[in-house]
There are 2 protein chains.
Amino acid sequence: MVDTRPNVEAVKNLRDVGLRPTRQRLALARLLFGHGNQHVTAESLYDGALASGIKVSLATVYNTLHQFTAAGLLRQVVVDSTRCYFDTNVAEHQHFYFEDTGEIADIPQTPEISGAPGQPGARINPIGLTDLPADMEISRVDIVVRLRSAG
Amino acid sequence: MVDTRPNVEAVKNLRDVGLRPTRQRLALARLLFGHGNQHVTAESLYDGALASGIKVSLATVYNTLHQFTAAGLLRQVVVDSTRCYFDTNVAEHQHFYFEDTGEIADIPQTPEISGAPGQPGARINPIGLTDLPADMEISRVDIVVRLRSAG
DNA sequence: GTAACTGCAAAACTTTTGCAACCAG
DNA sequence: CTGGTTGCAAAAGTTTTGCAGTTAC
């Protein structure tokens with residue numbers, strides 16, 4: 001049973017990023033942001049929407065994911081060259097990738113691992129990255145720790 | 001003009017990893033390993049092969065790239081969820097990804113950035129990665145520094 | 001009313017697969 | 001010869017596109 005009451009806050013959030021709060025966007029936003037941090041693919045979100053009785057097309061799911069990403073509500077995670085993952089956690093953090101299952105998980109943040117907040121790449125500086133190509137700046141540093149079962 | 005003389009060393013290298021040294025594999029190996037480190041996609045290698053007058057099918061290029069990767073001759077680089085890149089440099093190293101052009105470059109190794117040789121993930125340990133999920137071991141740590149033009 | 005948005009189906013792409021023909025040893 | 005390889009074409013899977021119809025405001 002999905003709560004379908006209009007959500008004043010969600011409407012405002014969408015407006016704030018310049019997106020018209022349509023039925024589909026509100027429903028997808030509820031699925032994405034109403035259940036803690038998630039890592040979704042277009043297909044998994046589409047399946048979740050259908051399972052919740054939300055009427056939406058796959059093309060709209062793709063559009064919405066990209067619009068939310070452009071608006072800074074989502075972050076794209078590249079770990080697998082056959083699928084696009086989107087992360088509802090847009091804070092600086094890194095990922096575990098489970099090679100056996102294809103699943104993704106956030107690497108839990110510890111005090112030691114944190115860099116200066118809001119500083120892209122701050123966390124990697126301690127390991128010696130100082131020289132960038134001319135006229136280039138860091139957009140983001142992606143770190144994926146790929147895991148396999150031990151033994 | 002491509003040198004097409006049989007290459008005793010290349011034949012030996014392929015045999016060493018258990019691959020039969022066929023015309024196509026030798027030609028692709030020459031393209032891949034005869035011109036310094038490279039980052040190729042299946043399509044770019046296929047185009048390069050055609051341009052060099054090598055008769056090979058795209059399916060064989062895919063097969064060969066995966067066989068070479070499984071044999072440890074190549075390493076797969078995941079930076080873009082729409083394409084598979086392969087790197088002829090199989091040593092521990094990280095990549096720049098140029099968001100504007102989609103190109104990849106190795107991050108030049110400096111003494112400060114190097115970790116213990118042959119220790120997967122050794123380089124990232126200094127930034128605090130200590131706790132892994134139960135019964136898991138690190139297969140590899142991928143670090144991609146995504147760059148955009150400054151200004 | 002109007003521009004933005006959605007849904008559907010088709011198209012575009014990359015990658016994989018199945019199988020007959022081919023070739024290295 | 002014989003099994004591993006190759007080429008082709010078709011299939012599979014994900015993502016994008018074009019356009020008519022719908023919706024938010």
Side-chain angles (χ1 to χ4, degrees), chain A residues 4 6-8 10-29 31 39-50 53-71 74 76-86 102 104, chain B residues 4 6-8 10-29 31 39-50 53-71 74 76-86 102 104:
Chain A
T4 53
N7 183 324
V8 175
V11 167
K12 182 175 179 309
N13 289 340
L14 286 180
R15 280 234 175 71
D16 284 349
V17 296
L19 292 173
R20 190 186 279 184
T22 64
R23 217 189 317 284
Q24 290 84 350
R25 285 179 185 156
L26 284 169
L28 293 177
L31 275 185
H39 302 91
V40 305
T41 63
E43 198 70 34
S44 79
L45 181 58
Y46 178 60
D47 290 346
L50 293 191
I54 296 166
K55 222 174 152 305
V56 68
S57 74
L58 182 56
T60 296
V61 171
Y62 274 100
N63 287 338
T64 302
L65 284 173
H66 287 135
Q67 290 154 353
F68 282 10
T69 300
L74 292 175
Q76 219 174 327
V77 184
V78 180
V79 289
D80 175 329
S81 45
T82 66
R83 249 194 280 279
C84 265
Y85 289 83
F86 295 85
I104 296 178
Chain B
T4 53
N7 182 325
V8 176
V11 167
K12 183 175 178 310
N13 288 340
L14 286 181
R15 280 234 174 70
D16 285 348
V17 298
L19 292 173
R20 189 186 281 183
T22 64
R23 216 189 319 283
Q24 289 85 348
R25 283 178 186 156
L26 284 168
L28 293 177
L31 275 186
H39 303 92
V40 304
T41 64
E43 198 70 34
S44 78
L45 182 58
Y46 178 61
D47 290 347
L50 293 191
I54 297 166
K55 222 175 152 303
V56 67
S57 73
L58 182 56
T60 297
V61 172
Y62 274 101
N63 287 338
T64 303
L65 284 173
H66 287 135
Q67 289 154 355
F68 282 10
T69 301
L74 292 175
Q76 220 175 326
V77 184
V78 180
V79 289
D80 175 329
S81 45
T82 67
R83 250 195 275 280
C84 266
Y85 288 83
F86 294 85
I104 296 178

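Everything numeric in this text was worked out from a predicted model, so none of it was measured.
Distances shorter than 4.0 Å separate none of the side-chain N or O atoms of A:Arg23 from OP1 or OP2 on C:dC5.
Summarising the geometry, atom CZ belonging to A:Phe68 is positioned 6.5 Å from atom CG belonging to A:Leu28; distances are rounded to the nearest 0.5 Å. To the nearest 0.5 Å, the span separating NE2 on B:His66 from CG on B:Leu74 amounts to 10.0 Å.
Closest to the side chain of A:Tyr62, from the set C:dT15, D:dT16, C:dT14, is D:dT16. Here the nucleotide nearest the side chain of B:Arg25, chosen from D:dT15, C:dT6, D:dT5, is D:dT5. Residue A:Leu58 has its side chain nearest to D:dT15 when only C:dT15, D:dG3, D:dT15 are considered. Distance from the side chain of A:Pro21 is smallest to D:dC25 among D:dC25, C:dG25, C:dC8. The side chain of A:Asn63 lies closest to D:dT17 when the candidates are D:dG7, D:dT14, D:dT17. Listed nucleotides: D:dT6, C:dT15, D:dT23. Nearest to the side chain of B:Thr22: D:dT6.
Between B:Ala59 and B:Gly18, the residue anchored nearer the 5' end of DNA chain D, judged by the nucleotide with its closest heavy atom, is B:Gly18. Position along DNA chain C of the nearest nucleotide to A:Arg20 versus B:His66 favours A:Arg20 as the more 5'-ward residue.
Backbone-only contact: A:Thr82 has heavy atoms under 4.0 Å from sugar-phosphate atoms and none from a base.
A side chain to side chain contact (heavy atoms under 4.5 Å, CB included) with A:Tyr85 holds for exactly one of A:Val78, A:Val77, A:Val40; it is A:Val77.
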